[in-house]
Amino acid sequence: MDFNNHVDSALATLLENHKLLKEMAEVVSGFNDGGDIQKLMDQNVEHAEDFIRMKKKHELLNKALKQAKNSSNTVEKFEKVWKKRSAAVEKKRIDVKNSAEFKNFMKALESAAPQEGAEINGQANGPAHDEDLIMEATGAEVFSLYDPWSKALIKNPVRNKTCGHVYDRDSVMLIIKDNIGIRCPVLGCANRSYIQPVNLVKDHDLQQKLQQRMSDAIEDESSKEDGEQADH
(Lines give C-alpha, C1' and ligand atoms only; values in the text may rest on other atoms or scores of the structure.)
Protein backbone atom coordinates (compact mmCIF):
# COMPACT_ATOMS: atom_id res chain seq x y z
CA MET A 1 0.00 0.00 0.00
CA ASP A 2 1.47 3.37 -1.00
CA PHE A 3 1.44 6.51 1.14
CA ASN A 4 -1.73 7.98 -0.36
CA ASN A 5 -3.65 4.75 0.24
CA HIS A 6 -2.51 4.78 3.86
CA VAL A 7 -3.84 8.32 4.21
CA ASP A 8 -7.16 7.37 2.57
CA SER A 9 -7.46 4.46 4.98
CA ALA A 10 -6.74 6.76 7.93
CA LEU A 11 -9.39 9.23 6.76
CA ALA A 12 -11.93 6.42 6.46
CA THR A 13 -11.08 5.36 10.02
CA LEU A 14 -11.65 8.92 11.24
CA LEU A 15 -15.09 8.87 9.62
CA GLU A 16 -15.92 5.64 11.42
CA ASN A 17 -14.67 7.06 14.73
CA HIS A 18 -16.75 10.20 14.21
CA LYS A 19 -19.85 8.08 13.60
CA LEU A 20 -19.29 6.20 16.86
CA LEU A 21 -18.70 9.43 18.77
CA LYS A 22 -21.92 10.93 17.40
CA GLU A 23 -23.81 7.82 18.48
CA MET A 24 -22.24 8.10 21.94
CA ALA A 25 -23.16 11.79 22.10
CA GLU A 26 -26.80 10.83 21.44
CA VAL A 27 -26.71 8.27 24.25
CA VAL A 28 -25.24 10.66 26.85
CA SER A 29 -27.14 13.73 25.64
CA GLY A 30 -28.83 14.00 29.02
CA PHE A 31 -25.56 14.04 30.91
CA ASN A 32 -22.83 16.64 31.20
CA ASP A 33 -19.64 15.08 29.88
CA GLY A 34 -17.70 18.33 30.09
CA GLY A 35 -17.58 18.58 26.30
CA ASP A 36 -15.17 15.64 26.05
CA ILE A 37 -16.99 13.95 23.16
CA GLN A 38 -17.16 17.19 21.17
CA LYS A 39 -13.44 17.71 21.76
CA LEU A 40 -12.74 14.26 20.35
CA MET A 41 -14.89 15.00 17.29
CA ASP A 42 -13.07 18.30 16.77
CA GLN A 43 -9.79 16.41 16.97
CA ASN A 44 -11.00 14.11 14.18
CA VAL A 45 -11.35 17.14 11.91
CA GLU A 46 -7.89 18.41 12.91
CA HIS A 47 -6.34 15.01 12.26
CA ALA A 48 -8.06 14.81 8.86
CA GLU A 49 -6.67 18.22 7.96
CA ASP A 50 -3.17 17.07 8.95
CA PHE A 51 -3.49 13.83 6.96
CA ILE A 52 -4.68 15.60 3.82
CA ARG A 53 -1.89 18.17 4.18
CA MET A 54 0.66 15.33 4.38
CA LYS A 55 -0.91 13.71 1.33
CA LYS A 56 -0.74 16.92 -0.71
CA LYS A 57 2.82 17.51 0.42
CA HIS A 58 3.77 13.95 -0.52
CA GLU A 59 2.29 14.45 -4.00
CA LEU A 60 4.22 17.71 -4.44
CA LEU A 61 7.47 16.09 -3.32
CA ASN A 62 6.95 13.22 -5.76
CA LYS A 63 6.37 15.71 -8.55
CA ALA A 64 9.49 17.65 -7.56
CA LEU A 65 11.51 14.43 -7.46
CA LYS A 66 10.46 13.50 -11.00
CA GLN A 67 11.28 16.99 -12.24
CA ALA A 68 14.70 16.81 -10.60
CA LYS A 69 15.40 13.44 -12.23
CA ASN A 70 14.25 14.62 -15.66
CA SER A 71 16.35 17.81 -15.54
CA SER A 72 19.58 16.23 -14.26
CA ASN A 73 22.21 14.23 -16.11
CA THR A 74 24.62 13.85 -13.19
CA VAL A 75 24.26 12.92 -9.54
CA GLU A 76 25.70 16.26 -8.50
CA LYS A 77 23.18 18.20 -10.55
CA PHE A 78 20.33 16.02 -9.31
CA GLU A 79 21.26 16.67 -5.68
CA LYS A 80 21.42 20.40 -6.33
CA VAL A 81 18.09 20.55 -8.19
CA TRP A 82 16.36 18.25 -5.70
CA LYS A 83 17.56 20.30 -2.75
CA LYS A 84 16.17 23.44 -4.33
CA ARG A 85 12.81 21.95 -5.38
CA SER A 86 12.19 20.06 -2.13
CA ALA A 87 12.98 23.22 -0.14
CA ALA A 88 10.39 25.09 -2.23
CA VAL A 89 7.81 22.42 -1.42
CA GLU A 90 8.57 22.64 2.30
CA LYS A 91 7.98 26.39 2.19
CA LYS A 92 4.78 26.14 0.16
CA ARG A 93 1.57 26.84 2.07
CA ILE A 94 -1.01 24.13 1.43
CA ASP A 95 -4.56 25.43 1.73
CA VAL A 96 -6.17 22.19 2.93
CA LYS A 97 -9.56 23.60 3.96
CA ASN A 98 -10.29 24.83 0.45
CA SER A 99 -9.24 21.55 -1.19
CA ALA A 100 -11.88 19.32 -2.76
CA GLU A 101 -10.74 16.36 -0.67
CA PHE A 102 -11.20 18.17 2.65
CA LYS A 103 -14.60 19.53 1.60
CA ASN A 104 -15.69 16.03 0.60
CA PHE A 105 -14.43 14.68 3.92
CA MET A 106 -16.48 17.27 5.80
CA LYS A 107 -19.57 16.39 3.75
CA ALA A 108 -19.06 12.72 4.59
CA LEU A 109 -18.52 13.68 8.23
CA GLU A 110 -21.86 15.49 8.36
CA SER A 111 -23.65 12.36 7.17
CA ALA A 112 -21.64 9.94 9.32
CA ALA A 113 -24.30 9.78 12.03
CA PRO A 114 -28.05 9.25 12.21
CA GLN A 115 -30.23 12.30 12.01
CA GLU A 116 -32.89 12.99 14.63
CA GLY A 117 -35.61 10.39 14.19
CA ALA A 118 -33.39 8.01 12.21
CA GLU A 119 -33.76 4.29 12.74
CA ILE A 120 -31.39 3.00 15.39
CA ASN A 121 -30.82 -0.30 13.61
CA GLY A 122 -29.14 1.56 10.76
CA GLN A 123 -31.25 0.17 7.95
CA ALA A 124 -32.37 3.64 6.99
CA ASN A 125 -30.51 6.89 7.29
CA GLY A 126 -32.72 9.96 7.31
CA PRO A 127 -36.31 10.62 8.38
CA ALA A 128 -37.65 7.32 9.67
CA HIS A 129 -41.38 7.77 9.16
CA ASP A 130 -43.44 5.07 7.49
CA GLU A 131 -44.30 7.35 4.60
CA ASP A 132 -40.59 7.95 3.95
CA LEU A 133 -39.77 4.28 3.39
CA ILE A 134 -40.23 1.88 0.50
CA MET A 135 -40.84 -1.80 1.19
CA GLU A 136 -39.47 -4.20 -1.41
CA ALA A 137 -41.92 -6.68 -2.90
CA THR A 138 -40.41 -9.47 -0.82
CA GLY A 139 -41.07 -7.48 2.34
CA ALA A 140 -37.52 -8.27 3.48
CA GLU A 141 -35.79 -5.01 2.75
CA VAL A 142 -36.59 -1.41 3.64
CA PHE A 143 -35.00 1.58 1.94
CA SER A 144 -35.17 5.25 2.74
CA LEU A 145 -36.48 7.58 0.07
CA TYR A 146 -33.79 10.02 1.16
CA ASP A 147 -30.19 10.07 0.01
CA PRO A 148 -27.83 9.48 3.00
CA TRP A 149 -25.57 12.41 2.06
CA SER A 150 -27.82 15.19 0.78
CA LYS A 151 -30.88 14.13 2.85
CA ALA A 152 -32.93 15.04 -0.25
CA LEU A 153 -35.40 12.72 -1.96
CA ILE A 154 -33.63 10.23 -4.22
CA LYS A 155 -34.29 11.00 -7.88
CA ASN A 156 -31.84 8.72 -9.67
CA PRO A 157 -31.26 5.65 -7.46
CA VAL A 158 -28.09 3.58 -7.77
CA ARG A 159 -27.40 0.50 -5.69
CA ASN A 160 -24.01 -0.35 -4.20
CA LYS A 161 -23.46 -3.97 -5.33
CA THR A 162 -21.13 -4.69 -2.41
CA CYS A 163 -23.69 -3.93 0.31
CA GLY A 164 -27.04 -3.37 -1.41
CA HIS A 165 -27.63 0.14 -0.08
CA VAL A 166 -29.09 2.82 -2.33
CA TYR A 167 -27.95 6.40 -2.99
CA ASP A 168 -28.85 9.21 -5.35
CA ARG A 169 -26.41 9.00 -8.27
CA ASP A 170 -25.58 12.72 -8.44
CA SER A 171 -24.93 12.84 -4.70
CA VAL A 172 -22.65 9.79 -4.44
CA MET A 173 -20.66 10.67 -7.57
CA LEU A 174 -19.99 14.16 -6.20
CA ILE A 175 -18.77 12.69 -2.91
CA ILE A 176 -16.43 10.05 -4.35
CA LYS A 177 -15.19 12.07 -7.34
CA ASP A 178 -12.04 13.31 -5.60
CA ASN A 179 -11.87 10.84 -2.73
CA ILE A 180 -11.44 7.09 -3.05
CA GLY A 181 -11.59 6.57 0.72
CA ILE A 182 -15.36 6.82 1.20
CA ARG A 183 -17.34 3.91 2.62
CA CYS A 184 -21.11 3.38 2.62
CA PRO A 185 -22.58 6.03 4.97
CA VAL A 186 -25.68 4.05 5.95
CA LEU A 187 -25.52 3.52 9.68
CA GLY A 188 -24.90 -0.13 10.55
CA CYS A 189 -23.56 -1.10 7.12
CA ALA A 190 -21.05 -3.93 7.55
CA ASN A 191 -19.36 -3.32 4.19
CA ARG A 192 -15.75 -2.17 4.72
CA SER A 193 -14.91 -1.60 1.05
CA TYR A 194 -14.59 1.87 -0.40
CA ILE A 195 -17.34 2.96 -2.78
CA GLN A 196 -16.25 2.50 -6.40
CA PRO A 197 -18.17 3.79 -9.47
CA VAL A 198 -17.97 0.31 -11.05
CA ASN A 199 -19.99 -1.09 -8.13
CA LEU A 200 -22.82 1.43 -8.50
CA VAL A 201 -25.64 0.13 -10.67
CA LYS A 202 -28.87 1.86 -11.64
CA ASP A 203 -31.83 0.39 -9.77
CA HIS A 204 -34.63 0.41 -12.35
CA ASP A 205 -37.16 -1.32 -10.09
CA LEU A 206 -36.65 1.18 -7.29
CA GLN A 207 -36.79 4.02 -9.82
CA GLN A 208 -40.27 2.87 -10.85
CA LYS A 209 -41.35 2.57 -7.21
CA LEU A 210 -40.10 6.09 -6.51
CA GLN A 211 -41.92 7.48 -9.54
CA GLN A 212 -45.11 5.67 -8.54
CA ARG A 213 -44.79 6.89 -4.97
CA MET A 214 -44.36 10.48 -6.14
CA SER A 215 -47.29 10.13 -8.53
CA ASP A 216 -49.52 8.77 -5.76
CA ALA A 217 -48.47 11.61 -3.46
CA ILE A 218 -49.39 14.18 -6.13
CA GLU A 219 -52.78 12.53 -6.68
CA ASP A 220 -53.45 12.44 -2.92
CA GLU A 221 -52.59 16.12 -2.62
CA SER A 222 -54.85 16.98 -5.56
CA SER A 223 -57.72 15.00 -4.00
CA LYS A 224 -57.30 16.85 -0.71
CA GLU A 225 -57.37 20.21 -2.49
CA ASP A 226 -60.52 19.23 -4.43
CA GLY A 227 -62.17 18.14 -1.18
CA GLU A 228 -61.34 21.40 0.56
CA GLN A 229 -62.73 23.42 -2.33
CA ALA A 230 -65.96 21.37 -2.31
CA ASP A 231 -66.41 22.05 1.42
CA HIS A 232 -66.31 25.77 0.73
Side-chain angles (χ1 to χ4, degrees), residues 1-29 33-68 82-116 118 122 125-126 147-152 160 167-168 170-189 191-197:
M1 182 183 291
D2 64 18
F3 182 80
N4 283 355
N5 285 337
H6 278 297
V7 171
D8 290 337
S9 179
L11 291 173
T13 299
L14 288 177
L15 285 174
E16 291 298 315
N17 289 343
H18 193 85
K19 181 188 296 185
L20 292 173
L21 288 170
K22 287 289 285 184
E23 292 174 5
M24 186 179 295
E26 291 291 329
V27 172
V28 301
S29 59
D33 68 339
D36 290 341
I37 294 179
Q38 185 59 52
K39 289 176 184 177
L40 290 172
M41 289 192 290
D42 291 341
Q43 287 175 3
N44 275 343
V45 176
E46 293 173 3
H47 292 327
E49 189 175 349
D50 290 338
F51 281 132
I52 294 173
R53 182 178 290 105
M54 286 190 291
K55 182 178 180 180
K56 298 299 182 184
K57 183 177 179 180
H58 179 72
E59 293 171 350
L60 290 173
L61 286 172
N62 275 340
K63 183 178 180 181
L65 182 61
K66 290 179 181 179
Q67 291 174 339
W82 167 242
K83 183 177 180 180
K84 180 179 179 180
R85 291 186 179 275
S86 60
V89 171
E90 294 293 342
K91 293 179 181 178
K92 183 178 178 62
R93 179 180 177 276
I94 301 174
D95 189 4
V96 174
K97 291 185 177 180
N98 283 325
S99 69
E101 186 165 11
F102 183 78
K103 290 178 180 179
N104 285 336
F105 176 85
M106 293 304 295
K107 288 179 182 177
L109 209 65
E110 292 171 1
S111 62
Q115 301 298 303
E116 184 177 355
N125 199 8
D147 176 75
W149 281 287
S150 67
K151 309 304 177 188
N160 187 341
Y167 327 118
D168 185 84
D170 291 343
S171 181
V172 65
M173 293 306 293
L174 178 64
I175 291 292
I176 68 174
K177 181 176 66 172
D178 298 311
N179 193 339
I180 63 172
I182 298 296
R183 292 189 176 101
C184 178
V186 176
L187 186 63
C189 180
N191 176 36
R192 309 303 298 169
S193 302
Y194 297 140
I195 299 175
Q196 301 291 339

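This is a predicted model, so every value here is computed, not measured.
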Enquirer: Would you say Phe102 and Val45 make side-chain contact, with heavy atoms under 4.5 Å?
Expert: yes
Enquirer: Within this structure, what is the CD1-NZ distance for the pair Ile182 and Lys177, rounded to the nearest 0.5 Å?
Expert: 13.5 Å
Enquirer: By ring pair (Phe, Tyr, Trp, His ring centres under 6.0 Å), which residues pair with Tyr167, not counting sequence neighbours?
Expert: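 Trp149.
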Enquirer: Could you list the residues that satisfy side-chain hydrogen bond (donor to acceptor under 3.5 Å, both in side chains) with Glu59, not counting sequence neighbours?
Expert: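 Counting only residues at least two positions away or on another chain, Glu59 forms a side-chain hydrogen bond (donor to acceptor under 3.5 Å, both in side chains) with Asn4.
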Enquirer: With sequence neighbours excluded, what pairs up with Asp170 under the side-chain contact (heavy atoms from CB on, under 4.5 Å) test?
Expert: Asp168
Enquirer: I'd like to check the side-chain hydrogen bond (donor to acceptor under 3.5 Å, both in side chains) partners of Asp50; sequence neighbours left out, ordered by chain and number.
Expert: Arg53
Enquirer: Please identify each residue that fulfils salt bridge (Lys or Arg N to Asp or Glu O under 4.0 Å) with Glu101, with sequence neighbours left out.
Expert: Lys55, Lys56
Enquirer: Hey, what do you get for CE (Met106) to NZ (Lys103), rounding to the nearest 0.5 Å?
Expert: 12.0 Å
Enquirer: Go through the structure and list residues passing side-chain hydrogen bond (donor to acceptor under 3.5 Å, both in side chains) with Gln43, not counting sequence neighbours.
Expert: none
Enquirer: Holding to side-chain contact (heavy atoms from CB on, under 4.5 Å), I want the full list of residues that pass it with Met41, two or more places apart in sequence or in another chain.
Expert: His18, Leu21, Lys22, Ile37, Gln38
Enquirer: So, using side-chain contact (heavy atoms from CB on, under 4.5 Å) as the criterion, who are the partners of Leu60 when residues are at least two apart?
Expert: Val89, Lys92, Ile94
Enquirer: Applying ring pair (Phe, Tyr, Trp, His ring centres under 6.0 Å), name anything that partners His47, two or more places apart in sequence or on another chain.
Expert: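 Here no residue qualifies.
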Enquirer: Who are the side-chain hydrogen bond (donor to acceptor under 3.5 Å, both in side chains) partners of Ser99, not counting sequence neighbours?
Expert: none
Enquirer: If I compare all heavy atoms of Leu14 with all of Ala48, which pair ends up nearest, and what's the gap?
Expert: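 So the two residues come closest at CD1-N, 3.5 Å.
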Enquirer: Taking only residues two or more places apart in sequence, or in another chain, which ones meet Thr13 in a side-chain contact (heavy atoms from CB on, under 4.5 Å)?
Expert: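 Partners of Thr13 by the side-chain contact (heavy atoms from CB on, under 4.5 Å) criterion, ordered by chain and then number, come out as Asn17.
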Enquirer: Which residues pass the salt bridge (Lys or Arg N to Asp or Glu O under 4.0 Å) test with Lys57, sequence neighbours left out?
Expert: Glu90
Enquirer: Checking side-chain contact (heavy atoms from CB on, under 4.5 Å) against Pro148, which of Cys184, Ser171, Pro185 comes through?
Expert: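 Among Cys184, Ser171, Pro185, the one meeting side-chain contact (heavy atoms from CB on, under 4.5 Å) with Pro148 is Pro185.
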